[in-house]
Amino acid sequence: MLLEVGGLVKRYKTKDRQIVEAVRGIRFTLSAGTILAFLGPNGAGKTTTIKMIAGLVRPDDGDVTVEGHSLSGRSGQALRHLGAVLEGSRNLYWRLTPLENFEYWGGIRGLSRKTARDHGRELMREFGLEDKIGSTVQQLSRGMQQQVAICAALIHSPSLLLLDEPTLGLDLDASDRIQDYVLRLAHERGVGILLTTHQMEVAQTLADRISIIQSGVLTLEGFKEDVLARFTGSSYVFELAEAPSAEARILADNLGAAWTSECEFRVVLDRPTDVYEIMRALEPCSVVRVMRETADLATVFREHTRKSVSMESVREVTA
Amino acid sequence: MLHALRAEWRREWVQLRRYPTELLSELAVIVLVFYGLFLGGSYMAGGAILGGRLSDIIVGYALWTLSMMSIGTMGWTISNEAQNGTLEQVFMSPYGASLILLLRNMANVVIGLLFTILTLFSVMAITGHYLFVSPWDMVPGLLMIASATGLGYLVASVTILMKRSQQFLNLLQFILLFLIMAPTANLGGAWRWLAIMAPFSPVVALLRSMMTQGSALFGAGDWLLWSVVNAVLWLLIGLLVFGWAQKKARRRGNLSHY
């Protein structure tokens, strides 16, 4: 297993000497080539968990292993397999060019100058930024800086990449480039990616697995499709070729139709086969499209986190 | 590790080169300081050349500057990296922050030494007086820098725990100045241990013996031995305290948010 997070606990002492449990026994795994979206409201414990995985915060209990190397034991070995772009911090010196940054960050991870330069050039080419290699980082746009930051985090070819809000504040083009790259990185090159973001559409596009943390506890975990399916209701949208007759409309109303326009209504069905019954009721008016409404990640997140978390029933594992 | 040292060296060098006006003005200031020392020394000697004594003054000044740089660099690096937002990435290096700080300090000392040598040659060319600095003078210099590195780790420890260390650094400089000025080498009895254990004290006694009495490096009693012991001791203390401070900072979670 690429990453194993085993029962992490972190307590902080507040200024008035109260003990606050920021993370309470978090446990999950991440395999190579998988993107795990680690989601949660502000203050849920995401950043603390990510920093414990990066070795920046020492857990009070539990351990993290990367490629079988424990962070509390052989942290140097574990850190060799780890790259990170953390929100609120940088992995670039702004007065240096991207290439000089790659030489430095590669060097302090044990790469020779030539290897770091060659790999850096290759990464910049993949982002279409090869013509920016000679500009200092401060001369680049925000989007380009973020792409170079990802290149710097990948300079030593880590097998695990931590991405904290990688597309925050970026324009659509830069955001799309990063998302495309992250998908290729995981699915074509087998890099495991732990992603945290508040941008649910980004998480939905990228993630293979979803975890939600609330009040320091993992409250939902599973494959994206399973998580979305759990929250997908039996609601269907019918789109008609023309406005139906008054009789057909009454029949549809009797079956619970909620009209959104002259030619479109939404209905909740007990069984999927009830769709045919409605189509027959609407005859001779023809149905252009029937669509089963699927939940998006934003809806899942909202619905899930709206529930209060009780410590006794904290873990709902769907897969 | 060699790659990391080279990376630190290149980073320092590139940053120096990128802003040539900053580099030139820094060089000009150092040349002026050394030229002032040279003129002052000559003036105090009544126009006569101070010969070996003057070289001692200049060597002493250069060592003091390099040592102070070693002490300050680590603390400054931590607060500067934290303000830049790059501190966390430095701490994520598989080599560990202690080694990265040491390598950065070494890169800084080498650059500082190059500046000093360049300056010295400039001053000698301007004045037409050539000083003789024995290569043996480098040994106490290196021991002094090793002690200074240990103290630098202490400043760095204060910085990662307290976030700021400027006042601690100022206080430390005063204490060191006192230890250098005070004739601790003449202390007897139990006080002699102060002269042996206090940072810089034995190496200053060694330098004094070499400079004022013209003793050879190995002919200054046991001060060379105590200087080595002292340098190793302070380097170890610094490393141990920094290791403890890192653990504490990681436990508190305050490696960022400066």
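Within every chain, numbering begins at 1; the chains are lettered A, B, ... in the order of the sequence lines, protein sequences first and strands thereafter. Treat the numbers as computed from the prediction; the structure is a model and nothing was measured.
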(message) Looking at A:Tyr12, I'd like to know if the NZ or CZ of B:Arg251 sits under 6.0 Å from its six-membered ring centre while staying within 45 degrees of the ring's axis.
(response) no

(request) Spell out, as yes or no, whether a donor-acceptor pair under 3.5 Å connects the side chain of B:Gln89 to the backbone of A:Val85. (result) no

(message) Can you tell me which residue among B:His3, B:Met1, B:Glu8, B:Met92 is in a side-chain contact (heavy atoms from CB on, under 4.5 Å) with A:Ile108?
(response) B:Glu8

(message) Ignoring hydrogens, what is the shortest heavy-atom contact between B:Pro94 and A:Gly76? Give both atom names and the distance.
(response) CB-O, 3.3 Å

(message) Is any side-chain heavy atom of B:Arg10 closer than 4.5 Å to one of A:Arg113?
(response) yes

(message) What part of A:Trp105 gets within 4.5 angstrom of chain B, counting heavy atoms only: side chain, backbone, both, or neither?
(response) side chain

(request) Side chain from CB out, backbone as N, CA, C, O: work out which of these in A:Lys10 comes under 4.5 Å of a heavy atom of chain B, or both, or neither. (result) side chain

(message) If you define the side chain from C-beta out and look only at heavy atoms, does anything of A:Val57 sit under 4.5 Å from B:Arg250?
(response) no

(request) Could you look at A:Thr97 and say if it's the side chain, the backbone, both or neither that has a heavy atom under 4.5 Å from chain B? (result) both

(message) Would B:Arg11 pass as a cation-pi partner of A:Tyr93, given that its NZ or CZ must be under 6.0 Å from the six-membered ring centre and within 45 degrees of the axis?
(response) yes

(request) Name the region of A:Glu103, side chain, backbone, both or neither, that has any atom closer than 4.5 Å to a heavy atom of chain B. (result) both

(request) Please say whether the positively charged group of A:Arg95, taken as NZ for Lys or CZ for Arg, lies over the ring of B:Tyr19, i.e. under 6.0 angstrom from the six-membered ring centre and within 45 degrees of the axis. (result) yes

(message) For A:Ser75, which atoms come within 4.5 Å of any heavy atom of chain B: side chain, backbone, both, or neither?
(response) neither

(message) Is the shortest side-chain heavy-atom distance between B:Arg18 and A:Leu96 below 4.5 Å?
(response) yes

(message) Rounded to the nearest 0.5 Å, what separates atom CZ in A:Arg80 from atom OG in B:Ser93?
(response) 8.0 Å

(message) Within the 4.5 Å heavy-atom criterion, are A:Arg58 and B:Lys248 side-chain neighbours or not?
(response) no

(request) Step through the shown structure and confirm whether more than 12 heavy atoms of other residues, nucleotides or ligands are within 6.0 Å of CE on A:Met1. (result) yes

(message) Is any side-chain heavy atom of A:Tyr104 closer than 4.5 Å to one of B:Thr86?
(response) no

(message) Shorter than 4.5 Å, heavy atoms on both sides: which option in A:Leu56, A:Leu92, A:Leu79, A:Asn101 has the most such pairs with chain B?
(response) A:Leu56

